[in-house]
Trainee: 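Shown below is the structure under consideration.
Order of the sequence lines sets the chain letters (A, B, ...), proteins ahead of strands, with each chain counted from 1.
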Amino acid sequence: MRVAVAVFPGVNCEHDVVYALRALGAEAQLVWHRETDLSDFDGVILPGGFAHGDYLRTGAIARLSPVMAEVERMAKQGAPVLGICNGWQMLCEAGLLPGAHIANRDLTFICRFVEVEVVDARSCLTAAARPGQRLSIPLNSYQGAWVDPTRSGRVVLRYVEDPNGSQERAAAVTNERGNVVGVMPHPERAMEDVLGSSDGQTLIEGFLASLVPA
Amino acid sequence: MTIETRPLHQQLGMSDEEYESLLEILDREPRPAELAMYSVMWSEHCSYKSSRKHLRRFPTEAPWVVVGPGENAGVVDIGDGWLAALRIESHNHPSFVEPYQGAATGVGGILRDVFTMGARPIALWDQIRFGPLDQPKNRYLFKGVVSGIAGYGNAVGVPTVGGELEFDDSYSGNPLVNVMCLGVLRREQLVLGTAGQPGCVAVLLGRATGRDGIGGASVLASASFDESSADKRPSVQVGDPFEEKKLIEACLELYEQGLVVGVQDLGAAGLSCATSEPAGRAGVGMDVDLDAVHTRESDMSAAELLMSESQERMMAFVAPDNVDRVLSVAAKWEIESTIVGEVRRGDTLTVRMGGDVVARIPAASLADDAPLYDRPARRPEWLDDLWAIASDYSELLPGETLLALLADPNVGSSAWVHEQYDHMLFLNTVIGPGSDGSLLRLKGTEKALAVSTDGNGTLCLLDPRRGGERLVYEAALNVAVTGARPLAVVDNLNFGNPEKPEVMWQFIESIEGISQACETLGIPVVGGNVSFYNETEGEDINPTPVVGLLGLADPAPERPPRLSRAREGMEIWELGPKSTGNFAGSALQRLRGEPGGRPSPADPEDAVRVTELARDLAYHVPVLHDISDGGLAVGLAEICIASQIGAVVDSTSIQLLFSEDPHRLLVVMEPAAVSLPPDYSRQIGVIGGNSIVFGAETSVGLEDLVAAWKGAIPMRLGLDAVSADAP
């Protein structure tokens, strides 16, 4: 089972995501945003950061990076596709998930642990979790509030207390099929108690369990 | 704006005497571009002309020092082939003129100093100081600086894991913005700022050169402020963290592939510095072609190109065979690169533009022939008046005093600041903001690096020598409570106008104090920065040396002490020498607006003893906390707030609870878990309940303590208290 972690200029969580995946025994590899063939991979993660400087709009330029054609192909074929933070913003810009992101309600960057509740286990992020389960995961974003006038996204994680003004207190949203997920807090930052929480393991395990050989 | 009639050298910040000596060195009139180069390189900011003589006092040697002061960053050996690179810098003046960009480019600059050495920057610490938040101008500066640090640091992808915050009238006209960076590297990746051998090629990497920041070092950083300061706004650089992020990754790849001989970042003095310094260090000359420099604006003059402080640029010195590979690494990371020069035999730096020679000077003379001043120093007469002030707070009530202190932004929660910084990236942050010292693990090893940064302007105003000494000991204790052994120091010396003998005296005394403490602990100073002319309208800031101390825990404690680990029934002990009840320079004095008296001296024997005890205890007890700002009572309240539990304290003495003598710690542990030296420790209470009770008389509820502490900053910004991170 191989996971591609896409690296756009300006993202910065790529090594942390690979570290988390490998800690759970997965085979993970960084792929540059100019890559045009991901056929060797069974799933892909778009990590957090500031792709292309977040200039214009978060994720707006990243959507045009060559690798996104492959991400779209995998999403359509049903392979697990996870966007974390900036990665979720890219998936929205690419039209693979509904809605968009705006600045946090208080107009400040937020970096702290938040509590989220699993509201739906039918997604590649929550497959190993049970509904009602509460997880402590760090949030780390400025454009963190999700809005979706179409109300077509399926919320799978919800903030217990609203930190940023996200619609429906959504912390993670999936598509109808459940294979494409965007999540705002960083599960890869909650893998070990020594760093404050290991609750993110449940989410990464769910992603790995959702992989099927290409 | 007034019409400029002064001679060019004066406009560029060069004195008449300095101009005379330049005429002697060149034996002719300088060309305009040459005058520009000398004016920036001989500025206070670049040449340390008022401070160099005194900086020699610092102890700089230890067996583990790999690179000492004088390079872009200090480097120390942390064992098993790993090195740590560290550096601290100030961006005080730019941050006053334009707080967002001033602070942002301060972060960018310090990162380049560290990755220039071959290291990946792994963490930042910011030490920021402002006037009181009841003044709108100070709120504007404070918010602007914090968002500048967040905007740049978060986007460039290096976590800001701690720092310091101080509010005092003395910074009202002149905020201080210091930033420290730590990087790690394998020994074989170390790169120095050398131009290498004749034949090597100079490749300029990164952002295009524009007119921003021209004269930043000479006009802005080396002069005082008055009401015309807004005119200096064009001298502030503008940062682009995205370019810096790409530049970091590109440079690290160049180092990994061994493609560069030397690297120099373009910071203060821009191209002038990045050509002359590496050539001077290598004892070679260089030909530079300004037509090759990639620019953002057309029609820039030679002087502008040489002085520009456009950000996110690096100069790499490359053997001719490797040039193509260097250019292709730059292309992969989508950064611009151009060949702008070639290293020559001899010692002449020749700069050409449009076919003409615009500068031809001895490369080393820009640095080596810089003026050196021995400015007069005199102990201020007003110091005796300050020492004569006696503080008597015996009438105060412990509960009310504690609440008032916790609600003071100097003491209360810094969450409003540090929650705006990504402090978790790279998955190393074992102990982050809001604790004594930060602890960062080094993945793949059993090591962890601890850092504490400490400054205290009031303490140093009252006694700059004792103040400087105590800052080092406090920083050492802060890293010791994480289990780390002190290893090295960097310092940022923020002072007023050095042309005033009283300021010079404060400066020399502080250096003496820092040096003595470093000698006692056996640790070297591996780098630093001096920021003079921190005065506005003739008023100098409090003397504010800031110490950044690096420690190594190897192996790191599996469960290092945390403020949040106090539990019902645990005992509270005070460890260290008995308090003398001195309030001089304390948080309580500042709160009441009456700083005075003479601070207690540091005791070298106590410093060593308590630091070693703390290191040992860090492997055995759940809570270990340095007693500093606000004294014992505030230290204990911080533990109670983090652990969400109360405490019962035997004493009601204001003097015991709130005075600030050095070398003391709070230890919280299960009864008799560890035996503490009886002559050196006292049980002062027990953990439990939902309030802090003083001597069974007065008590203050935990909820009130939390509200006061959390609201310290938000309340003054007109915001609701934000929820604080669990420390």
Trainee: Please report the closest heavy-atom contact between A:W32 and B:K332, naming both atoms and the distance.
Mentor: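 Looking at all heavy atoms of both residues, the closest pair is CZ2-O, 3.3 Å.
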
Trainee: Of all the heavy-atom pairs spanning B:F242 and A:F50, show the shortest one and how long it is.
Mentor: CD1-O, 4.3 Å

Trainee: Looking only at heavy atoms and a cut-off of under 4.5 Å, which of A:E188, A:M191, A:R34 has the most pairs with chain B?
Mentor: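 Maximum pair count with chain B is reached by A:R34.
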
Trainee: Could you check if a side-chain atom of A:C111 sits within less than 4.5 angstrom of a side-chain atom of B:M424, using non-hydrogen atoms only?
Mentor: yes

Trainee: Is A:Y142 close to chain B through its backbone or its side chain, or both, or neither, when contacts mean heavy atoms under 4.5 Å?
Mentor: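 Neither the backbone nor the side chain of A:Y142 comes within 4.5 Å of chain B.
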
Trainee: Looking only at heavy atoms, what is the nearest atom pair of B:F426 and A:N12, with distance?
Mentor: CE2-O, 4.5 Å

Trainee: Indicate the atoms forming the closest heavy-atom contact of B:K245 with A:V11, along with that distance.
Mentor: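 Distance-wise, the nearest heavy atoms are CE-O, 3.1 Å.
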
Trainee: Could you check if a side-chain atom of B:R441 sits within less than 4.5 angstrom of a side-chain atom of A:E192, using non-hydrogen atoms only?
Mentor: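 Sidechains of A:E192 and B:R441: in contact.
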
Trainee: Quick one, B:E419 with A:I110, criterion side-chain contact (heavy atoms from CB on, under 4.5 Å). Give me CA distance, side-chain angles, the key distance, then yes/no.
Mentor: CA-CA 6 Å; B:E419 288 184 356; A:I110 300 173; 5.5 Å; no

Trainee: Out of B:P241, B:S147, B:A155, return the one with the most heavy atom pairs under 4.5 angstrom to chain A.
Mentor: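 Heavy-atom pairs under 4.5 Å are most numerous for B:A155.
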
Trainee: In this structure, are over 12 heavy atoms from other groups packed under 6.0 Å from B:E446 atom CD?
Mentor: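 No, the 6.0 Å shell around CD holds no more than 12 heavy atoms from other groups.
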
Trainee: If you count heavy-atom pairs under 4.5 Å with chain A, which of B:K443, B:E558, B:K246 comes out on top?
Mentor: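 Highest number of pairs under 4.5 Å: B:K443.
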
Trainee: Report the C-alpha separation of A:R112 and B:D422 in whole Å, then their side-chain angles, then the decisive distance to 0.1 Å, and conclude whether the salt bridge (charged side-chain N to carboxylate O under 4.0 Å, His left out) test is met.
Mentor: CA-CA 8 Å; A:R112 63 180 159 90; B:D422 182 351; over 6 Å; no

Trainee: Just by distance, no angles: are the side chains of A:N140 and B:Y421 close enough, under 3.5 Å, to form a donor-acceptor pair?
Mentor: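 No, no side-chain donor-acceptor contact under 3.5 Å.
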
Trainee: Who wins among A:V114, A:N86, A:T108 for the most heavy-atom pairs under 4.5 Å with chain B?
Mentor: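 It is A:T108.
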
Trainee: Could you check which of B:N154, B:V146, B:I431 has the highest count of heavy-atom pairs closer than 4.5 Å to chain A?
Mentor: B:N154

Trainee: Which pair of non-hydrogen atoms, one from B:L425 and one from A:D16, has the smallest distance, and what is that distance?
Mentor: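 Closest heavy-atom pair between B:L425 and A:D16: CD1-OD2, 3.6 Å.
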
Trainee: Answer with side chain, backbone, both or neither: which region of B:R559 has an atom nearer than 4.5 Å to a non-hydrogen atom of chain A?
Mentor: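 No part of B:R559 comes within 4.5 Å of chain A.
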
Trainee: For B:R562 and A:V194, which heavy atoms make the closest approach, and how far apart are they?
Mentor: NH2-O, 3.1 Å

Trainee: For B:E334 and A:H33, test the side chains for any donor-to-acceptor distance below 3.5 angstrom and give the result as yes or no.
Mentor: yes

Trainee: Measure distances from B:N428 to the heavy atoms of chain A and classify the residue's part below 4.5 Å as side chain, backbone, both or neither.
Mentor: backbone

Trainee: Is it the backbone or the side chain of A:H186 that comes under 4.5 Å from a heavy atom of chain B, or both, or neither?
Mentor: neither

